[in-house]
Amino acid sequence: MAKTEPKMEFWGLEVPTEYPITEHVTYSEKGKELTAENREAWIEFSRGIKATAYRFIAFKELILQMETKWAALELYPDHRYLFEQERDLLSLFVFGVSAIESTYYSLYVLATQANPTALEFGDIKGRKWGSDPRQIKKQIKSALGNVSIIAAIRSIERSANWRDWNQYRNQMFHSVASPRTHRLNVSSNPPKPNILDYGPTWCTPALLKNSWQFQEYLPWLSSKIARLMAEGSKIEKNA
């Protein structure tokens, strides 16, 4: 008999099939176990993993929305279309980065419960600082040792998507994206331009994606979240 994957909803929002629901459920159970004696820690852990799911839902909805707009476009995009695409792109990168960082936060909370001597949950300033992507490896190592969670985080840090998403997000916080690239085509029936075709800036690489490459963002994000949650489910309290 085929195994049926669990379904999940948050306040009536159905989580996409690409989301790692099995890992989420297992990770949530581990969170309940480790925070059983600290209700505030459970609340913070729950907020973290719910944010992961929410951001993933928003991430996929934006991809589908941008794909639909692009498919309906008959002429070269006008200024209104470019405005909307830039708005959606900024949101996409924010949601993608946030989905990962929310998972980092939930991992940090569990680390405080696994080894409260190394990481004090009640230290609000330390919690805010320690769950930062630039500090999370150091904090996890101090509480749990050189565990496989660190390898999972490193695989994210070393990936082109993580680097690019952060660069695009940071650049678009303070300036618009570079103009779309206009490519000369002498054919009588020129192909439709790529869905994303932005030139490089001083702080970002060129952003060139056709539709199927654009869709590849989704499985990448899903796989990274799944690995983080799977490794987090292995956390045990220090003796």
Side-chain angles (χ1 to χ4, degrees), residues 5-11 13 15-16 18-59 94-159 162 166 220-239:
E5 289 293 320
K7 293 184 178 180
M8 182 184 303
E9 289 188 355
F10 286 120
W11 294 350
L13 297 175
V15 177
E18 295 89 348
Y19 186 74
I21 294 176
T22 299
E23 289 83 358
H24 182 113
V25 172
T26 304
Y27 185 48
S28 180
E29 289 302 315
K30 174 58 68 171
K32 289 179 182 178
E33 174 192 326
L34 292 176
T35 63
E37 299 177 4
N38 189 331
R39 176 166 174 74
E40 185 181 353
W42 165 248
I43 291 172
E44 290 303 306
F45 170 79
S46 298
R47 290 177 65 198
I49 61 171
K50 183 177 285 188
T52 301
Y54 274 14
R55 304 301 178 259
F56 192 93
I57 294 170
F59 188 86
V94 168
F95 289 141
V97 171
S98 177
I100 297 290
E101 292 191 3
S102 298
T103 315
Y104 286 168
Y105 179 68
S106 64
L107 285 169
Y108 181 87
V109 172
L110 292 193
T112 68
Q113 301 306 292
N115 190 350
T117 302
L119 294 178
E120 183 183 349
F121 175 77
D123 180 4
I124 305 299
K125 183 178 179 180
R127 195 193 312 167
K128 179 179 179 180
W129 176 83
S131 60
D132 184 279
R134 293 165 293 185
Q135 302 295 332
I136 188 67
K137 293 197 307 293
K138 180 180 178 181
Q139 301 307 305
I140 291 291
K141 187 172 183 178
S142 70
L144 306 176
N146 190 17
V147 294
S148 50
I149 296 174
I150 296 174
I153 295 172
R154 283 188 179 132
S155 75
I156 293 171
E157 292 177 334
R158 293 170 180 170
S159 68
W162 182 249
N166 275 281
W220 180 89
L221 182 59
S222 176
S223 67
K224 297 306 180 184
I225 292 172
R227 185 176 177 188
L228 290 174
M229 289 183 170
E231 298 300 342
S233 298
K234 301 174 185 176
I235 297 174
E236 300 292 343
K237 278 186 177 290
N238 283 16

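All values derive from a computational prediction rather than experimental measurement. All heavy atoms count here, side chains included; hydrogens, waters and symmetry mates do not.
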Phe45: partners by ring-ring contact (aromatic ring centres under 6.0 Å, His included), with sequence neighbours left out: Tyr27, Trp42

Polar side-chain atom of Ser102 near backbone of Ala99 as donor-acceptor pair, under 3.5 Å: no

Glu157/Arg154 ion pair, N-O < 4.0 Å: no

Report yes if the side chains of Thr26 and Met229 come closer than 4.5 Å at any heavy-atom pair, otherwise no. no

Over all heavy atoms of both residues, which pair between His24 and Ile49 is shortest? Give the atoms and the distance, please. CE1-O, 3.6 Å

Those residues that, when tested against Ala111, pass side chain to side chain contact (heavy atoms under 4.5 Å, CB included) (two or more places apart): Leu119, Ile140, Ala143, Leu144

On a heavy-atom basis, the closest approach of Pro16 and Ile21 is O-CD1, 4.4 Å

Which residues pass the side chain to side chain contact (heavy atoms under 4.5 Å, CB included) test with Val97, not counting sequence neighbours? Glu101, Trp162, Trp165, Asn166, Arg169

Indicate the atoms forming the closest heavy-atom contact of Leu107 with Gly232, along with that distance. CD2-CA, 3.6 Å

Apply side chain to side chain contact (heavy atoms under 4.5 Å, CB included) to Glu236 and list each qualifying residue two or more places apart in sequence or on a separate chain. Lys30, Glu33

Do Thr112 and Asn38 have side-chain heavy atoms sitting under 4.5 Å apart? no

Test applied, side-chain contact (heavy atoms from CB on, under 4.5 Å); reference residue, Ser106; option that passes from Val109, Thr103, Leu110: Thr103

Is there side-chain contact between Ser233 and Glu23, with heavy atoms separated by less than 4.5 Å? no

Strictly by ring pair (Phe, Tyr, Trp, His ring centres under 6.0 Å), give each pair with a member in residues 104-150 just once, sequence neighbours left out. none

Check whether any side-chain heavy atom of Thr117 sits under 4.5 Å from a side-chain heavy atom of Asn238, and report yes or no. no

Those residues at least two apart in sequence (or on a different chain) that pass side chain to side chain contact (heavy atoms under 4.5 Å, CB included) with Lys138 are Gln135

Close side-chain approach of Thr52 and Tyr19, heavy atoms under 4.5 Å: yes

